[in-house]
Every structure is written in structure tokens, then in C-alpha cells.
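Residue numbers start at 1 and run along the sequence shown. What you see below is based on every heavy atom in this structure, not just the backbone, and it leaves out hydrogens, waters and symmetry mates.
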Amino acid sequence: GGQIITTNPVNTVRLTNNGVVSGQTSATIQKSQFVRMGVVHYIDKPFGISMKTNDELLKEKALDFYNFCTQNADCKQLLETASSGTIFAPKQITSLTTLQATEPTKLKKYLELHFSSDKIFSSVSRTVAVPNSASKGYVRFNTIGNKRYAEGRIEGQGYVPSELTETDITTKTAIVHIIDNVLGFP
């Protein structure tokens, strides 16, 4: 049977099968209750193992971004780096194609915001420095009204929000957040 193990952040759990992760899923603990022989965790959604690869999920949920990454060397390399971390996949990529045509040196700074070698769940309530980012980029989650946003910024600029349309989607190896626009781009 499956075993639940806690991951970082502490209020997020992952399901494994006898310690072997052949696919993964995550859920946020809403409430914990001590019972006679242990603890019961009430989670925000049912567990279900994802057997999709990162490529399969991106083709399904953010095809334009996936196609851009397969044709751009920097994006392709970042996608491989984040293969077991987190991917922020924008549905609208017009600003990426514009940057590629007009300011290719800036493009990588914005691309770096979309990939992390760490798993970053939307329940994180703090700003996360983007690991391995030469642009000194940062990503944070924010709620404005009843909408959730991932906000990205590169050095020398403020945070720019992108609406989260789907969060904490798990693949065989990574966490994917679908966002409406490119992170950090004003």
C-alpha cells in the first residue's frame, strides 16, 4: 500500500508506494487530528498518482510554452534543469517571442523565473529565490481578492503578477503551475 510522507513545506504531503515514487501527487493538509494510535490529516484534494511526464503535461496544458522551449536552447536547458523541481508554464507567451526577437539577452532572465530545481507548492507563503538564477530572480504567491497569483521579479524591477489558472499539478517528477502570462514581464 501507499505511504504518506511529508515534504517541504511541512503542510504538504506526498504519496509513495513502499518508499518508491513511480508517480507522485501532493495535497495540502487542511487540519490534523490526533486519534488513539496516530494522526488523521484532512487534505484539500484526493490523492491520485500522476504518470504523465513533464513534456506530456506541458503539451496538454501549455502547448505554446512547450513549443517555445523545444525551439529555444536556453528554455530547453532550463526545462531539463527543472525536470524534478517546479515549472511555471504560461499559456500566453507573446512577451517571450517579442523578447527573443528584440532583446535576446534579457530573455533568459525572464525564462529563469519559470523554472526551479526545488519543488515549490502554491501553499508556500514566503518569497522564494529562484535557485540557479543568475538574474537574482524571485517568485512568490499572492492572493488579491479571490484570485491567486504567482508574482515574479528580476533584479531592478518590482513584482509582476501572473494569475494562477491551475496549481500544484504533479507529473512523474515535478510540480507544474499553469499561469496566464510570463512571470516578471511588465
Side-chain angles (χ1 to χ4, degrees), residues 8-9 12 26 50 52-186:
N8 190 10
T12 304
S26 66
S50 174
K52 289 185 179 178
T53 65
N54 296 340
D55 288 353
E56 289 169 339
L57 184 79
L58 291 174
K59 285 178 189 175
E60 178 186 324
K61 302 282 187 178
L63 181 60
D64 290 341
F65 182 66
Y66 174 78
N67 288 336
F68 182 87
C69 284
T70 59
Q71 297 168 14
N72 178 282
D74 287 333
C75 196
K76 191 173 193 173
Q77 180 183 6
L78 289 164
L79 183 58
E80 290 169 6
T81 301
S83 65
S84 61
T86 302
I87 302 166
F88 291 89
K91 286 188 166 191
Q92 191 357 308
I93 64 159
T94 303
S95 50
L96 291 179
T97 55
T98 301
L99 278 170
Q100 186 173 30
T102 60
E103 299 183 78
T105 55
K106 282 189 174 180
L107 176 62
K108 187 171 182 181
K109 290 181 181 183
Y110 289 100
L111 285 173
E112 287 175 338
L113 292 175
H114 295 83
F115 303 96
S116 174
S117 57
D118 294 339
K119 285 191 169 61
I120 306 169
F121 295 93
S122 64
S123 59
V124 169
S125 59
R126 60 184 165 75
T127 301
V128 179
V130 180
N132 308 322
S133 173
S135 65
K136 299 182 183 172
Y138 295 90
V139 175
R140 68 182 182 191
F141 294 98
N142 196 4
T143 302
I144 302 171
N146 61 352
K147 293 185 179 181
R148 291 278 291 154
Y149 295 88
E151 298 178 329
R153 79 171 183 88
I154 59 173
E155 187 174 32
Q157 106 181 16
Y159 284 97
V160 178
S162 181
E163 187 175 348
L164 288 158
T165 58
E166 295 182 61
T167 61
D168 302 324
I169 305 168
T170 55
T171 66
K172 285 183 177 182
T173 59
I175 304 296
V176 178
H177 304 290
I178 305 299
I179 53 179
D180 66 347
N181 283 301
V182 173
L183 282 173
F185 193 79

Should the heavy atoms of other residues, nucleotides or ligands under 6.0 Å from CD of E56 be counted, would the total exceed 12?
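Yes.
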Listed by chain and number, what are the ring pair (Phe, Tyr, Trp, His ring centres under 6.0 Å) partners of Y149, not counting sequence neighbours?
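Once residues adjacent in sequence are excluded, Y149 has no partner under the ring pair (Phe, Tyr, Trp, His ring centres under 6.0 Å) criterion.
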Student check: side-chain heavy atoms of I178 and F65 closer than 4.5 Å:
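A side-chain contact is absent here, since even the closest heavy-atom pair is not under 4.5 Å.
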With a 4.5 Å cut-off on side-chain heavy atoms, are I144 and E151 touching?
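Result yes, sub-4.5 Å side-chain heavy-atom pair found.
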What closest approach, in Å, do [X] and [Y] show between heavy atoms, and which atom pair accounts for it?
X: T165; Y: K91; answer: OG1-CE, 4.3 Å
X: P90; Y: V182; answer: CB-N, 3.9 Å
X: L99; Y: L107; answer: CB-CD1, 4.0 Å
X: D168; Y: F121; answer: OD1-CA, 3.4 Å
X: L113; Y: G184; answer: CD1-CA, 3.9 Å
X: D55; Y: Y66; answer: OD1-CE1, 3.4 Å

So, [X] side chain and [Y] main chain: donor-acceptor pair closer than 3.5 Å or not?
X: S162; Y: N181; result: yes
X: Q92; Y: T94; result: yes
X: H114; Y: L78; result: no
X: K172; Y: S84; result: no
X: S116; Y: T86; result: no
X: R148; Y: S122; result: yes

How long is the span from the [atom1] atom in [X] to the [atom2] atom in [Y], to the nearest 0.5 Å?
X: Y110; Y: E103; atom1: OH; atom2: CD; result: 8.0 Å
X: N67; Y: L58; atom1: CG; atom2: CG; result: 10.0 Å
X: K76; Y: T70; atom1: NZ; atom2: OG1; result: 7.0 Å
X: I93; Y: T98; atom1: CD1; atom2: OG1; result: 9.5 Å
X: L164; Y: E166; atom1: CG; atom2: CD; result: 10.5 Å
X: K61; Y: T171; atom1: NZ; atom2: OG1; result: 13.0 Å

Going through the distances and angles, do K52 and V176 end up as a side-chain contact (heavy atoms from CB on, under 4.5 Å)?
CA-CA 11 Å; K52 289 185 179 178; V176 178; over 6 Å; no
Could you walk me through whether I120 and I175 pass the side-chain contact (heavy atoms from CB on, under 4.5 Å) check?
CA-CA 7 Å; I120 306 169; I175 304 296; over 6 Å; no
In sequence, state the C-alpha distance, the side-chain angles, and the governing distance for L96 and N72, and then conclude on side-chain contact (heavy atoms from CB on, under 4.5 Å).
CA-CA 10 Å; L96 291 179; N72 178 282; over 6 Å; no
Parallel, tilted or perpendicular for F141 and F88, by the 30°/60° rule?
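Because their plane-to-plane angle lies in the 30° to 60° range, the rings of F141 and F88 count as tilted.
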